[in-house]
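Counting starts at 1 for both ligands and their atoms, following the listed order.
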Amino acid sequence: MIGTSIAYHLAARGADVIVIERSVIACAASGKSGGFLAMDWCDGTPLMHLARRSFALHEQLADEHAGEWGYRRMTTYGGVLRSSLMAASRGIPPGWLSPQVSIHGRLGSTETTAQVQPAAFTAGMMRAAQARGAELRLGNVTGLLRRGGDVVGVDLDGEALRGDAVVIAMGPWSGVAAQWLPLPPVFGLKGHSLVFETGTAIPPEAVFLECMDATGSILAPEVFPRADGTTYVCAISSSPPLPAAPDLVAPDDGAIDRLKVLCARISPILAASRILASQACFRPVTEDGLPLIGAIPGGSGAYLATGHSVWGILNAPATGEAVAELILDGTTQAVDLSAFDPARLEAVALGRGTVSC
Ligand SMILES: Cc1cc2nc3c(=O)[nH]c(=O)nc-3n(C[C@H](O)[C@H](O)[C@H](O)COP(=O)(O)OP(=O)(O)OC[C@H]3O[C@@H](n4cnc5c(N)ncnc54)[C@H](O)[C@@H]3O)c2cc1C
């Protein structure tokens with residue numbers, strides 16, 4: 001999502017852009033995330049302006065592209081899922097939730113919360129970038145081309161592909177690029193999700209819950225009914241090693257069964273609905289929890305845009321806009337990126353994969 005958004009904004013300003021994807025567009029977290037958007041949930045943090053600008057751009061993009069990716073405003077609730085022995089419910093749950101759910105309050109209104117179908121959004125932004133002249137190349141980037149201190153392109157499966165600027169936006173795999181250039185560490189945090197075919201049975205109401213499952217683990221399931229007649233539920237995080245490629249990411253043993261049990265407790269509609277996808281993916285995270293967006297010190301011509309953690313779909317539009325400004329103008333107008341400067345964190349070098357030319 002981050003790469004396609006940067007490509008869109010660069011191409012919209014007339015730059016020649018090539019997006020390189022090793023698998024298929026939206027094969028990783030960007031295709032398997034919740035796609036939930038909040039205007040003000042990052043207020044009071046360094047992400048505030050990025051999030052608010054992104055929330056506004058999401059609406060603008062959806063208007064321009066006629067709802068191609070299921071953008072819609074939602075009402076959002078928060079509560080707890082009680083064990084069946086403590087089913088006496090406080091508060092009034094929306095009618096599609098089970099009596100075991102106690103809603104404690106409204107976390108967002110249609111003024112402040114919204115959603116997209118993230119795989120459709122990522123693919124739609126790629127198509128929109130292509131319509132503005134961008135090119136999509138499928139292949140694996142295995143190194144950077146260097147001339148002295150400058151980065152002048154990438155090694156794409158043995159082919160030298162030159163460019164004036166290179167943006168590393170490889171999600172949790174961005175950490176691999178420390179083999180090519182010293183970079184702050186980037187990690188992957190795994191999450192599991194199910195997608196149900198619920199038709200029109202659930203209104204546009206997002207729900208954030210807390211609960212304890214049968215294993216005694218505290219979980220925080222998130223439920224997002226979507227405009228395309230599906231409902232997405234995610235929960236159960238873990239930190240196994242990041243597989244070498246997105247195609248190798250599989251759910252942890254037992255995680256999907258635990259999630260199914262949880263979903264059946266959350267809503268009888270989920271219990272009765274066909275499951276369309278059972279999946280896992282890794283969100284990109286950094287040492288201090290903030291994204292890495294900006295020029296890479298020691299690699300003139302190279303930029304980093306990753307580490308968006310739980311807000312990568314929300315914050316993609318303003319990230320794309322700002323990185324395009326940084327590359328084309330040398331500075332940003334809409335959002336100040338200084339809190340996300342890669343130079344704030346210590347860089348590590350893994351020391352392989354640079355090609356001199
Ligand atoms: C369970 C879950 C739920 C989430 N829900 C939300 C939500 O509701 N709202 C929200 O805003 N965010 C959410 N997120 C976070 C969001 O999904 C991520 O922050 C975002 O998708 C990261 O996008 P990305 O483009 O940085 O990375 P990715 O989506 O991982 O994309 C990186 C791409 O780089 C490619 N790549 C990697 N290495 C190479 C290489 N060497 N050569 C070529 N290509 C390469 C990969 O194939 C991949 O397609 C969620 C995350 C998880 C895990």
Side-chain angles (χ1 to χ4, degrees), residues 1-7 18-38 41-42 47 50-51 54-55 58 74 76 113-119 121-123 125-126 136-144 154-157 161 167-177 179-180 186 188-195 206 208 220-224 226 232-238 242-249 251 255 259 279-286 291-293 304-317 319-320 353:
M1 185 60 244
I2 301 301
T4 61
S5 181
I6 294 167
I18 302 175
V19 174
I20 302 167
E21 166 55 53
R22 72 184 299 172
S23 179
V24 292
I25 290 290
C27 61
S30 299
K32 295 173 181 167
S33 86
F36 177 77
L37 315 173
W41 289 20
C42 298
L47 288 169
L50 191 72
S54 288
F55 192 80
H58 268 289
M74 315 186 82
T76 302
T113 53
Q115 70 176 162
V116 293
Q117 207 287 21
F121 181 49
T122 308
M125 288 298 282
M126 186 67 238
L136 172 62
R137 294 277 302 265
L138 295 184
N140 190 18
V141 174
T142 52
L144 297 176
V154 298
D155 184 334
L156 175 58
D157 293 319
L161 201 57
V167 184
I168 295 168
M170 306 192 307
W173 291 275
S174 302
V176 173
Q179 293 178 1
W180 316 331
V186 180
L189 185 62
K190 195 172 186 180
H192 295 81
S193 56
L194 296 173
V195 181
F208 287 73
E222 300 174 4
V223 186
F224 305 127
R226 290 176 167 165
Y232 172 98
V233 185
C234 65
I236 308 177
S237 296
S238 61
L242 181 70
D247 309 347
L248 302 174
V249 175
L259 194 49
Q279 57 199 10
C281 61
F282 285 80
R283 68 189 64 128
V285 294
T286 62
L292 296 160
I293 312 171
L304 191 57
T306 189
H308 290 71
S309 188
V310 296
W311 289 123
I313 305 301
L314 168 66
N315 286 328
T319 298

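At least one N or O atom of Leu314, backbone or side chain, sits closer than 3.5 Å to an N or O atom of ligand 1. Ligand 1 has no N or O atom lying under 3.5 Å from any N or O atom of Ala26, backbone or side chain. Of the N or O atoms in Gly312, one or more lie within a sub-3.5 Å distance of an N or O in ligand 1. Taking only nitrogen or oxygen atoms, main chain and side chain alike, Ile2 reaches within less than 3.5 Å of ligand 1. For ligand 1, none of its N or O atoms has an N or O atom of Phe282 under 3.5 Å away. Ligand 1 has a nitrogen or oxygen under 3.5 angstrom from a nitrogen or oxygen of Phe36.
Counting the atoms of ligand 1 from 1 in the order shown, those under 4.0 Å from a heavy atom of Tyr232 are 1 (C), 2 (C), 3 (C). The ligand atoms of ligand 1 that sit less than 4.0 angstrom from a heavy atom of Gly139 are 42 (N), 43 (C). With ligand atoms numbered from 1 in the order given, ligand 1 contributes 43 (C), 44 (N) to contacts under 4.0 Å with heavy atoms of Ile20. Listed by number with element, the atoms of ligand 1 under 4.0 Å from a non-hydrogen atom of Cys27 are 47 (O), 49 (O). Taking every heavy atom of Pro172 and a limit of under 4.0 angstrom, the matching atoms of ligand 1 come to 30 (O).
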task: For side chain to side chain contact (heavy atoms under 4.5 Å, CB included), just list the numbers for Val310 and Arg283, CA-CA rounded to whole Å, side-chain angles, deciding distance to a tenth of an Å, and then say yes or no.
output: CA-CA 7 Å; Val310 296; Arg283 68 189 64 128; 3.9 Å; yes
Trace of the side chain to side chain contact (heavy atoms under 4.5 Å, CB included) decision for Lys32 with Cys234
CA-CA 9 Å; Lys32 295 173 181 167; Cys234 65; over 6 Å; no
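Of the options Glu222, Glu21, Met1, the smallest heavy-atom separation from atom 25 (O) of ligand 1 is shown by Met1. For the residues Ala29, Ala244, Gly34, Ser30, the heavy atom positioned nearest atom 23 (O) of ligand 1 is part of Ser30. Of the listed options Ser33, Gly143, Ala235, Gly188, Ser33 places a heavy atom closest to atom 14 (N) of ligand 1. Nearest-heavy-atom check against atom 10 (C) of ligand 1 across Ile6, Val310, Ile25 picks out Val310. Distances from atom 40 (C) of ligand 1 to the heavy atoms of Leu138, Ile313, Asn140 show the closest one on Asn140. Remark: among candidates Ser309, Pro246, Gly171, the nearest residue to atom 27 (O) of ligand 1 is Gly171, based on non-hydrogen atoms.
Residues forming a ring pair (Phe, Tyr, Trp, His ring centres under 6.0 Å) with Phe36 (at least two apart in sequence, or on another chain): Trp41, Phe208, Phe224. For the side-chain hydrogen bond (donor to acceptor under 3.5 Å, both in side chains) test, residues two or more places apart in sequence or in another chain that qualify with Gln279 are Ser193.
The line from CG of Leu37 to NE2 of His58 is 4.5 Å long, rounded to the nearest 0.5 Å. Atoms CG and OG1, from Asp155 and Thr142 in turn, are 3.5 Å apart once rounded to the nearest 0.5 Å.
The protein heavy atom nearest to atom 42 (N) of ligand 1 is Val141 N, 3.0 Å. With respect to atom 53 (C) of ligand 1, the closest heavy atom belonging to the protein is Cys281 SG, 3.4 Å. Atom 34 (O) of ligand 1 has as its closest protein heavy atom Met170 CA, 3.5 Å. Of the protein's non-hydrogen atoms, Arg22 CD, 3.9 Å is the one closest to atom 36 (N) of ligand 1.
Across all their heavy atoms, Gly171 and Val186 have their closest contact at O-CG1, 3.8 Å. The two residues Leu314 and Ala51 make their nearest non-hydrogen contact at CD2-CB, 3.9 Å. The two residues Ser33 and Arg226 have their closest heavy-atom pair at O-NH2, 2.8 Å. Between Leu47 and Trp311, the closest heavy-atom pair is CD1-CD1, 4.4 Å.
Checking side-chain atoms of Thr113 against main-chain N and O of Met74 turns up a donor-acceptor pair under 3.5 Å. Side chain of Ser30 to backbone of Ala26: no donor-acceptor contact under 3.5 angstrom is found.
Of the options Ile293, Val167, Thr319, a side chain to side chain contact (heavy atoms under 4.5 Å, CB included) to Ile2 is made by Thr319 and by none of the others.
Heavy-atom distances between Ser193 and ligand 1 stay at or above 4.0 Å for every pair.
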